[in-house]
Amino acid sequence: MKAPLSKHNSKTRKWILVAGARPNFMKIAPLIRAVRAYNEINAVNIDLFLVHTGQHYDVNMSDTFFKDLEIPGPNVHLDVGSGNHGEQTGKVLIQFEKVLLREKPELIIVVGDVNSTLACALAAVKLLIPVAHVEAGLRSFDRSMPEEINRIVTDAISDYLFTPSPDGDENLLKEGIPSEKIFMVGDIMVDSLLFNLEKAKNTDVRERLGLGRKSIADYCLLTLHRPSNVDNRDKFLRIIYALTEISKRIPILFPAHPRTRKQIEAFGFQHYFINLTNSKSQITNNGIYLSNPFGYLDFLNLMAHAAFVLTDSGGIQEETTVLDIPCITLRDTTERPITLTEGTNVLVKDDPEKIVREVEKILGGQVRKGRCPDIWDGHTAERIAKILAELPSTVIA
Ligand code: UD1
């Protein structure tokens with residue numbers, strides 16, 4: 001294993017933890033708690049230095065998550081913002097290298113598969129700083145997804161690969177990654193979900209939206225933001241046709257990602273939706289209700305009480321499996337196959353008839369029963385903190 005860039009005194013060890021985009025925040029919060037707990041129990045002093053790359057910057061894509069998940073403010077904010085893939089990745093690479101040279105960490109931890117994950121791993125590995133990748137080994141086998149490239153490259157250059165499920169280990173081994181680098185620790189997002197579920201169930205989001213506190217789910221929750229679904233006019237329109245059919249049976253609540261909202265406006269699709277952005281508006285009838293993105297707790301509440309979820313997100317496929325809520329995924333492939341084999345997830349591509357057929361099944365009571373993988377037990381971050389803290393190459397004499 002590589003030697004750390006710097007020698008630390010026996011008292012303080014510095015790890016850099018990176019987050020950049022919305023799907024990262026629920027993955028770093030449990031790690032922060034776990035490292036703090038490890039420090040206390042073992043009377044050591046691992047200093048977790050938090051870097052926010054600023055890939056997501058809107059209040060409701062970033063700040064709200066820090067508040068809901070009680071994440072401390074970052075030590076450094078790189079403020080890179082949006083851009084084409086090369087531009088965004090390049091900006092993070094340049095800025096993060098400066099942080100590494102200044103802070104000289106013992107190792108860095110990156111999570112997930114966004115552009116910031118790849119850029120930070122690349123900056124570190126070139127400076128011979130060990131990289132730990134949390135949520136390693138996931139593969140959709142679709143290289144047209146930018147995230148797939150980020151996953152493959154990040155895993156290839158990381159030193160410690162923490163996988164959520166056995167398929168992750170299999171994929172990495174097939175790519176020639178030595179087994180000593182691979183640790184199956186479970187799904188870190190589930191740590192956040194289980195830790196926050198009770199708190200989330202007590203938010204008043206459903207009351208605010210007019211969904212009441214009925215025991216019977218009276219709405220479907222939708223998220224859609226993949227370039228493959230929303231950047232092509234015809235494809236997006238096909239999905240909207242299916243949604244319009246579904247919304248005759250059950251109201252659809254659609255918190256739209258900024259990229260999706262931009263596309264709706266660019267394609268002139270506004271008339272298909274009822275706008276919920278006014279804080280006083282509520283869901284009264286059937287229809288597709290477009291809202292701003294929700295914070296972590298409100299979204300968890302809405303997922304936990306939905307009749308079913310329609311999505312093209314990665315993490316939501318796992319969260320619905322844990323919550324035992326049916327999930328219909330509008331994609332051709334998934335990098336999370338365990339949600340299909342063991343969970344509540346089904347893939348329907350963008351075929352309107354297939355989407356509607358799956359919804360009919362659910363509304364007709366044919367709900368697919370899933371089971372949560374055993375290792376998704378809410379203790380993934382503790383396992384990671386212990387493994388990293390006790391690695392022979394990082395323990396300072
Ligand atoms: C990114 C991740 C994706 C993840 C998604 C979740 C990559 C390659 N993709 O995609 O894996 O599922 O986040 O949210 O890293 N925008 C805003 N405000 C923001 C953030 C983005 O308006 O706070 C707009 C920007 O104008 C940008 C577009 O949304 O053009 C896309 O943002 P970007 O960060 O490039 O990728 P996402 O599509 O969000």
Side-chain angles (χ1 to χ4, degrees), residues 18-28 52-69 74 77-93 95-96 110-122 133-136 138-140 142-155 189 192 222-232 236 254-267 277 290-296 299 303 309 311-319 327 329-331 333-336 339:
V18 177
R22 181 171 63 173
N24 293 162
F25 304 132
M26 61 293 274
K27 297 169 195 166
I28 62 160
H52 188 330
T53 66
Q55 177 174 342
H56 283 175
Y57 43 85
D58 286 352
V59 170
N60 54 24
M61 298 293 282
S62 174
D63 301 15
T64 314
F65 284 77
F66 274 72
K67 187 166 151 271
D68 279 3
L69 293 157
H77 199 297
L78 304 181
D79 227 354
V80 297
S82 300
N84 292 331
H85 285 276
E87 186 190 0
Q88 191 175 54
T89 310
K91 276 191 199 162
V92 178
L93 189 59
Q95 299 295 336
F96 189 63
V110 294
V111 299
D113 57 13
V114 300
N115 288 337
S116 303
T117 311
L118 165 64
C120 293
L122 192 52
H133 182 208
V134 177
E135 206 182 71
L138 299 187
R139 297 289 180 270
S140 66
D142 173 4
R143 289 198 179 197
S144 68
M145 277 180 88
E147 296 81 0
E148 182 75 352
I149 308 297
N150 293 343
R151 290 179 203 121
I152 294 169
V153 180
T154 305
D155 286 341
M189 279 186 41
S192 268
L222 165 73
T223 78
L224 205 60
H225 75 279
R226 297 247 154 254
S228 57
N229 279 334
V230 302
D231 285 5
N232 177 293
F236 196 177
F254 181 15
H257 187 288
R259 119 191 309 285
T260 311
R261 193 173 277 276
K262 275 188 204 156
Q263 293 303 81
I264 290 172
E265 280 158 24
F267 294 143
T277 38
L290 195 65
S291 80
N292 286 328
F294 291 100
Y296 182 77
F299 192 78
M303 250 191 313
V309 173
T311 191
D312 62 3
S313 146
I316 291 173
Q317 298 171 55
E318 294 172 342
E319 289 169 332
C327 180
T329 298
L330 289 84
R331 285 172 45 183
T333 56
T334 179
E335 63 288 339
R336 291 157 162 99
T339 61

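The figures here come from the full heavy-atom set of this structure, side chains too, leaving out hydrogens, waters and symmetry mates. Numbering of ligands and ligand atoms starts at 1, following listing order. The residues of the chain are indexed from 1 along the displayed sequence. Since this is a predicted model, take the numbers as computed values, not measurements.
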Where is the nearest protein heavy atom to atom 8 (C) of ligand 1: which residue, which atom, and how far? Asn115 OD1, 3.3 Å

With heavy atoms of Asp113 as the reference, note each atom of ligand 1 found under 4.0 Å away. 11 (O)

Tell me if the aromatic rings of His52 and Tyr57 count as close, with their centers under 6.0 Å from one another. no

Output yes when the distance from some N or O of ligand 1 to some N or O of Arg259 is under 3.5 Å, and no in every other case. yes

Leu224 side chain reached by Asn229 side chain, heavy atoms, under 4.5 Å: yes

Rounded to the nearest 0.5 Å, what's the gap from CD on Glu147 to CZ on Arg226? Could you check? 4.5 Å

Do Asp113 and Met145 come close enough that some side-chain heavy atom pair is under 4.5 Å? no

Output for pair (Ser62 OG, His77 NE2), nearest 0.5 Å, gives 5.5 Å

Please write down residue, atom name and distance for the protein heavy atom closest to atom 25 (C) of ligand 1. Ser82 OG, 2.9 Å

Can you list the atoms of ligand 1 that are under 4.0 Å from a heavy atom of Arg226? 12 (O)

Counting only nitrogen or oxygen atoms and a 3.5 angstrom limit, does His85 reach ligand 1? no

Out of Asp155, Thr117, Asn115, which one pairs with Asn150 under the side chain to side chain donor-acceptor pair (under 3.5 Å) rule? Asn115

Shortest protein contact, atom 18 (N) of ligand 1 (heavy atom only): Asp58 OD2, 2.9 Å

Within ligand 1, which atoms have a heavy atom of Lys262 less than 4.0 Å away? 24 (C), 25 (C), 26 (O), 30 (O)

Distance to 0.1 Å, residue and atom name: give those for the protein heavy atom nearest to atom 3 (C) of ligand 1. Glu147 OE2, 3.1 Å

for atom 12 (O) of ligand 1, nearest protein heavy atom and its distance come out as His225 NE2, 3.0 Å

Before you tell me yes or no, could you show the steps for Val230 and Lys262 under side chain to side chain contact (heavy atoms under 4.5 Å, CB included), namely the whole-Å CA-CA distance, both residues' side-chain angles and the distance that decides it to 0.1 Å? CA-CA 10 Å; Val230 302; Lys262 275 188 204 156; over 6 Å; no

Looking at Arg151 and Glu148, is any side-chain nitrogen of the basic one under 4.0 Å from a carboxylate oxygen of the acidic one? yes

Short list, please: which atoms of ligand 1 are under 4.0 Å from a heavy atom of Gln88? 34 (O), 35 (O)

Note the single closest protein heavy atom to atom 2 (C) of ligand 1, along with its residue, its atom name and the distance in Å. Val114 CG1, 3.6 Å

Looking at Ser313, is its backbone amide N or carbonyl O close enough to the side chain of Gln317 to form a donor-acceptor pair, meaning the two atoms are under 3.5 Å apart? yes

Measure the shortest side-chain to side-chain distance between Phe294 and Thr64 over non-hydrogen atoms and say whether it is less than 4.5 angstrom. no

Closest protein heavy atom to atom 17 (C) of ligand 1, given as residue, atom name and distance to 0.1 Å: Tyr57 OH, 3.2 Å

Note: His56, heavy atoms under 4.0 Å from ligand 1, region reported as both

Please write down residue, atom name and distance for the protein heavy atom closest to atom 6 (C) of ligand 1. Pro23 CD, 3.5 Å

